[in-house]
Amino acid sequence: MMRKKAILITGASGEIGQALINSLAQTSSLPLLTLDLHAIPPELLRLCTHMSGDILDHKLLARLVTEYDFEMIFHLAALLSTRSEFSPELAHQVNVDGTLALFQVAAEQSQRRGKPVSFIFPSSIAAYGLPTLAMKARDRRVKEWQWNNPTTMYGCNKLYCEQLGIYYSKHYQQLSASKPVMLDFRSLRFPGLISAYTVPSGGTTDYGPEMLHAAAQGRPYACFVREDSELPFMAMPDAVTALLQLAAAPAESLSRSVYNVTSFTLSAADFRDQVMGAFPEAEVTFEPDWQRQGIVDSWPAELDDTAARQDWGWAPAYGLQRAFDEYLVPNIHERYQ
Ligand code: NAD
Ligand code: SER
């Protein structure tokens with residue numbers, strides 16, 4: 001029986017997954033197979049074949065391998081940073097063991113096809129860990145190889161999986177007599193992402209999008225970090241563009257396997273000001289949770305994305321003002337009307 005060619009998206013019911021399905025379905029000639037613990041919104045069902053299931057279910061993955069020939073895998077399934085701190089061992093299972101299982105699928109399929117399976121993996125600013133606010137101010141704009149000292153389980157998981165991906169794409173079975181065809185691993189370190197259509201949960205950058213979505217619904221919001229907390233952010237359409245551009249980039253143009261990408265940096269107070277500008281009735285207060293604050297303080301204020309710009313032409317379409325004025329505010333407004 002011929003295996004069906006497809007693109008696999010794990011974690012497809014999540015924020016990035018939903019946005020990615022919409023974009024990829026318009027451009028890809030291959031069918032999309034999506035996998036998630038949860039169902040996907042009904043309007044996306046016509047764009048993909050969805051399977052409800054767990055990436056830790058080895059029998060399920062084995063069945064997929066016998067039925068499908070994956071050209072590309074977008075491996076998005078994960079527990080995000082705050083949730084991972086509450087269940088670190090579960091996070092390790094999903095974020096590391098689950099990713100390892102997907103690497104094995106891609107490695108096996110690359111060998112069988114005699115052609116690399118593309119493996120696209122979203123990593124995070126959580127891979128960084130700055131020890132103090134003074135260091136965060138001094139080394140404001142971090143390069144990929146600086147401060148790889150995460151303080152969270154999620155950050156450790158992301159950093160290790162980046163390394164595992166590099167291993168599977170460059171050194172897998174390095175002592176065997178014949179050199180196997182290896183998978184093609186590419187990863188992006190994203191800042192906090194903000195979607196107009198979905199509300200995040202379980203992350204630490206969530207205060208930004210939560211503030212905006214609460215204001216649009218006329219609900220008061222108590223922000224869980226200090227006003228001066230700074231992090232980099234990006235609008236969701238740019239995140240999807242980055243994933244698709246990196247996936248399409250010619251291998252010879254890539255000088256790295258893991259790239260920073262970013263768009264704009266703002267403090268929580270700047271975020272409040274943007275929100276108040278769009279929704280003047282909004283009620284935003286600051287009630288820092290010192291434990292979550294500690295995580296935010298350890299993440300860099302800016303990412304240096306020079307390598308992505310040089311190697312594959314990365315440039316965000318949505319800077320701060322355009323993100324709010326043309327993407328976030330009008331679409332969120334419409335959503336809650
Ligand atoms: P999300 O929480 O909205 O989506 C994650 C999805 O993974 C969920 O739908 C969840 O049901 C699914 N999932 C979790 N465990 C699973 C399992 N065992 N089996 C199958 N599915 C499972 O998160 P997101 O924002 O869409 O993030 C997607 C990816 O991008 C993650 O790897 C995340 O770490 C990464 N990322 C996100 C951000 C951000 O700000 N949203 C920033 C950097 C990196
Ligand atoms: N937005 C994500 C989180 O806060 C970062 O990867 O967990």
Side-chain angles (χ1 to χ4, degrees), residues 8-22 33-41 44 50-58 60-61 64 73-87 90-102 119-129 150-159 161-162 165 187-195 197-210 224-225 229 231-236 238-240 242-243 258-263 292-293 295-296 298-300 303:
L8 174 64
I9 306 175
T10 72
S13 309
E15 286 206 281
I16 301 183
Q18 292 185 34
L20 181 64
I21 293 169
N22 267 317
L33 178 71
T34 59
L35 172 63
D36 200 294
L37 290 175
H38 299 114
I40 54 169
L44 294 180
H50 185 67
M51 298 197 62
S52 288
D54 191 333
I55 55 164
L56 296 174
D57 180 346
H58 287 267
L60 171 64
L61 293 189
L64 292 185
I73 297 175
F74 289 91
H75 175 43
L76 312 180
L79 298 195
L80 300 194
S81 56
T82 294
R83 178 131 186 251
S84 292
E85 282 317 296
F86 286 111
S87 312
L90 176 65
H92 194 280
Q93 281 168 27
V94 175
N95 297 350
V96 176
D97 299 347
T99 302
L100 184 70
L102 266 303
F119 196 103
I120 312 299
F121 178 68
S123 185
S124 165
I125 45 170
Y128 297 103
T151 63
T152 59
M153 175 54 98
Y154 172 78
C156 293
N157 296 163
K158 287 293 185 192
L159 190 60
C161 287
E162 291 174 3
S187 177
L188 290 169
R189 283 192 189 153
F190 280 130
L193 304 180
I194 320 170
S195 169
Y197 304 104
T198 50
V199 188
S201 74
T204 309
T205 60
D206 294 3
Y207 60 88
E210 279 176 358
F224 58 79
V225 296
S229 309
L231 282 184
F233 285 92
M234 182 185 285
M236 189 58 84
D238 276 334
V240 171
L243 286 167
V258 179
Y259 287 91
N260 282 344
V261 283
T262 192
S263 183
R292 290 178 100 183
Q293 179 74 56
I295 295 176
V296 170
S298 78
W299 291 352
L303 297 174

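For ligands, and for the atoms within them, numbers begin at 1 and follow the listed sequence.
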Worksheet item: If you measure from each heavy atom of Gly53 to ligand 1, is any distance below 4.0 Å?
Response: yes
Worksheet entry | atom 19 (N) of ligand 1 - nearest protein heavy atom and its distance | Ile55 N, 3.0 Å
Worksheet entry | Asp54 touching ligand 1 at heavy-atom level, < 4.0 angstrom | yes
Discussion item. Quick check on Arg189 - does any of its heavy atoms sit under 4.0 Å from an atom of ligand 1?
Written reply: no
Practice prompt. Nearest 0.5 Å please: distance from the CG atom of Leu35 over to the CG atom of Leu61.
Written response: 7.0 Å
Worksheet item: Pro200 versus Leu80: any side-chain heavy-atom pair under 4.5 Å?
Response: no
Worksheet item: If you measure from each non-hydrogen atom of Tyr207 to ligand 2, which part falls under 4.0 Å: side chain, backbone, both or neither?
Response: neither
Worksheet item: Touching ligand 1 at all, Phe121? Heavy atoms, strictly under 4.0 Å?
Response: no
Worksheet item: How does Ala12 reach ligand 1, if at all, at less than 4.0 Å between non-hydrogen atoms: by side chain, backbone, both, or neither?
Response: neither
Worksheet item: About how many Å separate CG of Leu79 and NE2 of His92, when rounded to the nearest 0.5 Å?
Response: 12.0 Å
Worksheet item: So which protein heavy atom does atom 4 (O) of ligand 2 come closest to, and at what separation?
Response: Thr204 N, 2.6 Å
Discussion item. Within ligand 1, which atoms have a heavy atom of His38 less than 4.0 Å away?
Written reply: 11 (O)
Item to complete: Select one of side chain, backbone, both or neither to describe which atoms of Phe190 lie under 4.0 Å from any atom of ligand 2, heavy atoms only.
Response: neither
Discussion item. Using a 4.0 Å cutoff against the non-hydrogen atoms of Gly14, which atoms of ligand 1 qualify?
Written reply: 1 (P), 3 (O), 4 (O), 9 (O), 26 (O)
Worksheet item: Any idea which protein heavy atom is nearest atom 1 (N) of ligand 2, and the distance to it?
Response: Thr205 OG1, 2.7 Å
Discussion item. Distance to the ring centre below 6.0 angstrom and angle to the axis at most 45 degrees; does that hold for Arg189 and Tyr128?
Written reply: yes
Worksheet entry | Test item, Val94 contacting ligand 1 (heavy atom, 4.0 angstrom) | yes
Discussion item. Heavy-atom pairs closer than 4.0 Å: do any link ligand 2 to the side chain of Ser81, the backbone, both, or neither?
Written reply: both
Worksheet item: What residue and heavy atom of the protein are closest to atom 10 (C) of ligand 1, and at what distance?
Response: Asp36 OD1, 3.4 Å
Item to complete: For the pair Tyr207 and Phe233, name the ring-plane relationship: parallel under 30°, tilted 30 to 60°, perpendicular over 60°.
Response: perpendicular
Response to the item:
Looking only at protein heavy atoms, what sits closest to atom 5 (C) of ligand 2 is Ser124 OG, 3.4 Å
